[in-house]
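Single-structure report; data block below.
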Amino acid sequence: MARTNNVTELIIAGLFQDPEVQRACFVVFLPVYLATVVGNGLIVLTVRVSKSLRAPMYFFLSHLSLVEISYSSTVVPKFITDLLSEIKTISLEGCVAQIFFFHFFGVAEIFLLTVMAYDRYVAICKPLHYTAVMSRPVCHRLLAASWLGGFFHSTVQIIITLQLPFCGPNVTDHSFCDLHPLFKLACTDTSVEGVVVLANSGLFSIFSFLLLVSSYIVILVSLRNRSAEGRRKALSTCASHLTVVALFFGPAIFLYMRPASTFTEDKLVAVFYTVVTPMLNPVIYTLRNAEMKVALKSLWGRKVNSGFQ
């Protein structure tokens, strides 16, 4: 940390100030987080043990669910426990660590969604070459690139943050640690750092979103000459992916592509994409995917049968 730092601990303002409202939020958000962990964990387990889910799409889906658990767990457990605390504190080092892992897993998810879109493009537009293009070694390299992309992005953010001096105040007007609220506490001008975050997070999110949408437009155009059944199956898969993409990128673009503010709406949007969105993804993928539903039923049947033996 810089030598001018006088701040060693931060106070988090939180989502609401009313204790009754905070307790009500605790009752709502705790089951949501548990559902996120259980739902995504069930997808990871199902893909790992089901022999029918060996396609690259499910390989990436299981890792996406693993990222969702990790992404949510960097913020949500402390956010939930803070709802029962009158004074919400976190060390400056803990805050920086939370920001690092929050952006690390978040950007890894962006890369994974992009890889999944590429997988669907090859499967639908170049089916004869699919096995060769999306071989197991290629899938592992794409997965490694997603993790490395998240690590590189997050490292840039943290290098910028570590150079800032913090000499007071120490109250961050947010529900968890993030870059814009922390920049407001720095006792120096952070306009340059804000531009870097805009480029590194905001513009990156927009370009990734446009790339994903463009790839799905190409896929949809290529479906014109397919049979009705082929179009139905492809559209079902693409609709699931597009729904997840919209739920993830919409709030991210809203928060990182405009100047920081202290509106309560910003906090609510941040809570939505950190608490609620990770829970919705397994629901979206399983309800719209026949193979996943069959595999889940088979896994559940095996557990029930083994329980009676």
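We count residues from 1, following the sequence as given. Quick note: numbers below take in every heavy atom, side chains included, and nothing from hydrogens, waters or symmetry partners.
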Could you please spell out the steps behind the side chain to side chain contact (heavy atoms under 4.5 Å, CB included) verdict for Ile12 and Thr89? CA-CA 6 Å; Ile12 300 173; Thr89 61; over 6 Å; no
Please test Phe111 against Trp147 for ring pair (Phe, Tyr, Trp, His ring centres under 6.0 Å), starting from the C-alpha separation and ending with a verdict. CA-CA 8 Å; Phe111 281 112; Trp147 288 109; over 10 Å; no
As a quick check of understanding, evaluate side chain to side chain contact (heavy atoms under 4.5 Å, CB included) for Arg120 and Ile219, giving each step before the final call. CA-CA 8 Å; Arg120 290 300 85 202; Ile219 291 173; 4.0 Å; yes
Run Ile160 and Phe183 through side chain to side chain contact (heavy atoms under 4.5 Å, CB included) and show every step you take. CA-CA 10 Å; Ile160 294 171; Phe183 284 176; 4.3 Å; yes
Side chain to side chain contact (heavy atoms under 4.5 Å, CB included), that's the test. Do Leu182 and Thr161 meet it? Break it down for me. CA-CA 8 Å; Leu182 188 62; Thr161 305; 3.5 Å; yes
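The environment of Phe151 atom CZ is sparse: at most 12 non-hydrogen atoms of other residues, nucleotides or ligands sit within 6.0 angstrom. In this structure, Tyr130 places its OH atom where more than 12 heavy-atom neighbours from other residues, nucleotides or ligands lie under 6.0 Å away.
Residues forming a side-chain hydrogen bond (donor to acceptor under 3.5 Å, both in side chains) with Tyr118 (at least two apart in sequence, or on another chain): none.
Both Phe152 and Val196 belong to a single network of hydrophobic side chains, linked directly or stepwise wherever heavy atoms of I, L, V, M, F, W or Y lie under 4.5 Å apart. Residues Val44 and Val244 are members of separate hydrophobic clusters, defined by side-chain heavy-atom contacts under 4.5 angstrom among Ile, Leu, Val, Met, Phe, Trp and Tyr. Residues Ile80 and Val21 fall within the same hydrophobic cluster, defined by Ile, Leu, Val, Met, Phe, Trp and Tyr side chains chained together at heavy-atom separations under 4.5 Å. Hydrophobic clustering of Ile, Leu, Val, Met, Phe, Trp and Tyr side chains at less than 4.5 Å, counting indirect connections, keeps Ile87 apart from Phe16. Both Tyr121 and Tyr216 are members of a single hydrophobic cluster when ILVMFWY side chains are connected at heavy-atom separations under 4.5 Å.
Side-chain atoms of Asp119 never come within 3.5 Å of backbone atoms of Pro56 as a donor-acceptor pair (strictly under, hydrogens ignored). Side chain of Gln22 to main chain of Leu84: no donor-acceptor pair is present (N/O by atom type, distance under 3.5 Å, no hydrogens or angles). With Lys88 contributing its side chain and Ser85 its backbone, the two residues share a donor-acceptor pair below 3.5 Å. Proximity of a side-chain donor or acceptor of Ser135 to a complementary backbone N or O of Thr131 within less than 3.5 Å is not detected. Although no hydrogens or angles enter the test, the distance criterion places a donor-acceptor pair under 3.5 Å between the side chain of Asn170 and the main chain of Glu9. Without hydrogens or angle criteria, Ser91 side chain to Gly94 main chain gives a donor-acceptor distance under 3.5 Å.
Looking only at side-chain heavy atoms (C-beta outward), Asp178 and His103 come within less than 4.5 Å of each other. Between Ser175 and Val271, some side-chain heavy-atom pair lies under the 4.5 Å cut-off. In this structure, Leu142 and Phe60 have side chains that are in contact, with non-hydrogen atoms separated by less than 4.5 Å. Put simply, the side chain of Ile110 does not reach to within 4.5 Å of the side chain of Phe209, judged on heavy atoms. Here the side chains of Leu66 and Asn40 are not in contact, with every heavy-atom distance at 4.5 Å or above.
With Phe105 as the partner, the side chain to side chain contact (heavy atoms under 4.5 Å, CB included) test is satisfied by one option alone out of Ser70, Pro278, Ser154, Ser72: Ser70.
Minimum heavy-atom separation, Val47 to Tyr58: CG1-O, 3.4 Å. Annotation for Cys95 and Ile90: closest pair N-CD1, 3.7 Å, computed over non-hydrogen atoms.
Taking CD of Glu109 as the start and OH of Tyr71 as the end, the distance is 7.0 Å to the nearest 0.5 Å.
Remark: Arg136 is positioned above the aromatic ring of Phe59, its terminal NZ or CZ atom under 6.0 angstrom from the ring centre and at most 45 degrees off the axis.
The salt bridge (charged side-chain N to carboxylate O under 4.0 Å, His left out) pairs that include a residue from residues 18-38 are Glu20-Arg23, where partners are two or more places apart or lie in different chains. Screening residues 35-67 for disulfide bond (SG atoms under 2.5 Å apart), with sequence neighbours left out, gives no hits.
Aromatic ring centres of His174 and Phe176 lie closer together than 6.0 Å.
Side-chain polar atoms of Ser73 and Tyr33 form a donor-acceptor pair below 3.5 angstrom.
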